[in-house]
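Note sheet for the following structure.
Every heavy atom of this structure was used, including side-chain atoms; hydrogens, water molecules and symmetry mates were not. Naming convention: chains lettered A, B, ... in sequence-line order (proteins, then strands); numbering from 1 in each chain. Because the structure is a prediction, the values reported are computed rather than measured.
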2 protein chains.
Amino acid sequence: MKLQVEQKLASKKINPTAMRILVLELLLQQNSAISLSDIEKGLETADRITIYRTLKTFEQNGLIHSIEDGTGTPKYALCVEDCSTHEHYDMHVHFYCNSCEETFCLPDHKIPDISLPTGFSPAEMNLIVKGICENCAQ
Amino acid sequence: MKLQVEQKLASKKINPTAMRILVLELLLQQNSAISLSDIEKGLETADRITIYRTLKTFEQNGLIHSIEDGTGTPKYALCVEDCSTHEHYDMHVHFYCNSCEETFCLPDHKIPDISLPTGFSPAEMNLIVKGICENCAQ
DNA sequence: ATAAGCCATGCAATGGTATTGCATTATTGT
DNA sequence: ACAATAATGCAATACCATTGCATGGCTTAT
């Protein structure tokens with residue numbers, strides 16, 4: 001297991017330190033995007049700032065992407081595809097559940113083309129759908 | 001002029017106080033969405049908290065809508081149509097310019113229907129397109 | 001093997017922001 | 001005009017991202 005985690009780090013040219021392995025392992029366990037505070041709670045030992053910088057490093061190297069789901073606090077989730085460092089704009093839909101307050105990546109649901117007024121040139125897009133997730137629907 | 005502003009407030013059942021008239025006048029002058037701090041700078045006299053609550057009131061009464069453009073600080077813009085109190089989900093596209101860092105409402109560009117996985121029921125949507133606006137394109 | 005240099009970590013501190021409580025002031029209805 | 005209600009302003013709180021700086025550990029070259 002740990003070997004696989006280290007390989008994942010190495011493939012993104014990230015030095016596999018103990019802290020980074022812990023954070024990545026925690027991220028791999030999630031099925032929704034989590035915040036810095038969530039990670040801090042999940043890892044009793046670690047310093048908040050170190051996690052913060054770890055996430056920055058992961059993001060810059062295209063291992064994770066950050067999601068602004070409208071709560072103000074960014075969430076983080078693993079990149080599914082091979083997103084390179086420069087263009088890992090998370091062009092898929094994110095879903096925020098108003099009930100459980102979790103944020104889900106929907107990587108199979110791409111954002112459709114949007115027509116813009118003339119003169120506006122798009123670079124990235126961010127679509128948050130809010131509602132009730134499948135777990136809370138019952 | 002002021003009469004028109006007061007009518008606008010009255011039509012949303014908002015008491016037309018001096019502060020609210022000032023804030024609404026400032027909002028009417030904008031062609032992009034502005035933040036609380038922007039308004040604070042625009043109105044030398046006013047207290048930040050008062051503006052904060054004024055905006056909350058405006059938002060609750062369907063006069064303005066708040067936009068999470070990914071910067072973390074909410075922006076506010078007038079609602080174009082008659083959006084009622086409960087359902088003024090800003091279902092149109094918002095554009096954030098990476099150059100001038102302004103946020104524009106594109107009320108004529110609705111968010112297309114998004115297919116979701118089974119079990120997910122949407123309530124509101126928020127689409128931010130980032131790129132270069134028409135003013136900065138030249 | 002040792003020393004130098006780089007990288008990661010942790011602590012402390014800063015700054016910005018939303019948010020609430022409470023007392024005062026303004027506004028509305030009678 | 002007066003009482004009730006609403007709005008305002010000040011103070012304080014709390015949360016979060018972000019940076020500086022010093023320490024520690026690992027790598028590399030000599």
Side-chain angles (χ1 to χ4, degrees), chain A residues 2 5-6 8-10 12-27 33-61 63-76 85 101 103, chain B residues 2-3 5-27 33-61 63-76 85 96 101 103:
Chain A
K2 183 161 291 187
V5 173
E6 292 189 24
K8 223 172 171 60
L9 288 171
K12 298 292 183 179
K13 313 243 187 282
I14 302 170
N15 283 347
T17 67
M19 176 67 29
R20 288 169 179 177
I21 289 171
L22 282 176
V23 172
L24 180 51
E25 281 177 344
L26 195 69
L27 283 167
I34 56 177
S35 69
L36 171 56
S37 295
D38 292 333
I39 299 174
E40 194 184 7
K41 284 165 201 151
L43 304 175
E44 291 301 333
T45 85
D47 180 49
R48 182 183 183 87
I49 289 94
T50 303
I51 302 170
Y52 169 77
R53 283 192 265 232
T54 299
L55 292 172
K56 284 283 181 220
T57 303
F58 284 3
E59 191 181 1
Q60 282 170 7
N61 292 50
L63 183 60
I64 63 175
H65 62 268
S66 79
I67 306 155
E68 255 302 339
D69 57 9
T71 61
T73 58
K75 304 292 191 325
Y76 300 90
T85 306
E101 299 181 339
T103 301
Chain B
K2 183 161 291 187
L3 194 61
V5 172
E6 293 189 25
Q7 279 179 2
K8 224 175 170 59
L9 288 171
S11 75
K12 299 292 183 181
K13 312 243 187 280
I14 302 170
N15 283 347
T17 67
M19 176 66 29
R20 289 170 176 174
I21 290 171
L22 282 176
V23 172
L24 180 52
E25 280 176 345
L26 194 69
L27 283 167
I34 56 177
S35 70
L36 172 57
S37 296
D38 293 333
I39 299 173
E40 194 184 8
K41 283 166 202 152
L43 304 175
E44 291 301 331
T45 85
D47 180 48
R48 182 183 184 87
I49 290 96
T50 302
I51 302 171
Y52 169 77
R53 283 192 265 229
T54 299
L55 291 171
K56 284 282 182 222
T57 302
F58 284 4
E59 191 182 2
Q60 282 171 6
N61 292 51
L63 183 60
I64 64 174
H65 60 270
S66 80
I67 306 154
E68 255 303 339
D69 57 8
T71 61
T73 59
K75 304 292 193 321
Y76 301 90
T85 307
Y96 176 81
E101 298 180 340
T103 302

A/Leu36 has an atom CG; how far is it from atom C1' of D/dC15, in whole Å? 12 Å
Minimal heavy-atom distance between A/Lys41 and A/Glu44, with the atoms involved, is O-OE2, 3.3 Å
A/Asp69 and A/Thr71: CA distance, side-chain angles, deciding distance, side-chain hydrogen bond (donor to acceptor under 3.5 Å, both in side chains) verdict: CA-CA 6 Å; A/Asp69 57 9; A/Thr71 61; 2.6 Å; yes
With the side chain counted from C-beta on, respond yes when B/Arg20 and B/Phe58 share a heavy-atom pair under 4.5 Å apart, and no when they do not. yes
Answer yes or no: does a side-chain N or O of B/Lys56 lie under 4.0 Å from OP1 or OP2 of C/dA18? no
Does B/Arg53 put a side-chain nitrogen or oxygen below 4.0 Å from OP1 or OP2 of D/dT8? no
All heavy atoms of A/Ile51 vs all of A/Ala46, minimum pair found to be CD1-CB, 3.9 Å
From OH of A/Tyr52 across to P of D/dT19 the rounded distance in Å is 6 Å
Under 4.0 Å between any heavy atoms, over every strand shown, what does B/Ser37 touch: base, sugar-phosphate, or nothing? Just pick one. sugar-phosphate
Please classify the nucleic acid contact of A/Thr57 as base, sugar-phosphate, or nothing, using heavy-atom distances under 4.0 Å. nothing
Would you kindly give the CZ-to-C1' distance between A/Arg20 and D/dC26, to the nearest whole Å? 12 Å
Between A/Leu55 and A/Ile39, is there a side-chain heavy-atom distance shorter than 4.5 Å? yes
Expressed in angstrom and rounded to an integer, what is the separation of A/Ile14 atom CD1 from C/dC7 atom C1'? 14 Å
Separation of atom CG in B/Leu55 from atom C1' in D/dA7, rounded to whole Å: 14 Å
From D/dT18, D/dA17, C/dC7, pick the nucleotide closest to the side chain of A/Pro74? D/dA17
Just how far, in rounded Å, is C1' of C/dT9 from CG of A/Leu22? 13 Å
Check whether any side-chain N or O of A/Thr50 sits under 4.0 Å from OP1 or OP2 of C/dA8, and answer yes or no. no
Separation of atom CD in B/Gln60 from atom P in C/dT19, rounded to whole Å: 12 Å
Per A/Asn15 side chain, nearest of listed nucleotides C/dA12, C/dC7, D/dA7: C/dC7
So, is B/Thr17 near the phosphate of D/dT8, with a side-chain N or O under 4.0 Å from OP1 or OP2? yes
Gap between atoms CZ and C1', on A/Arg48 and D/dC15 respectively (whole Å): 8 Å
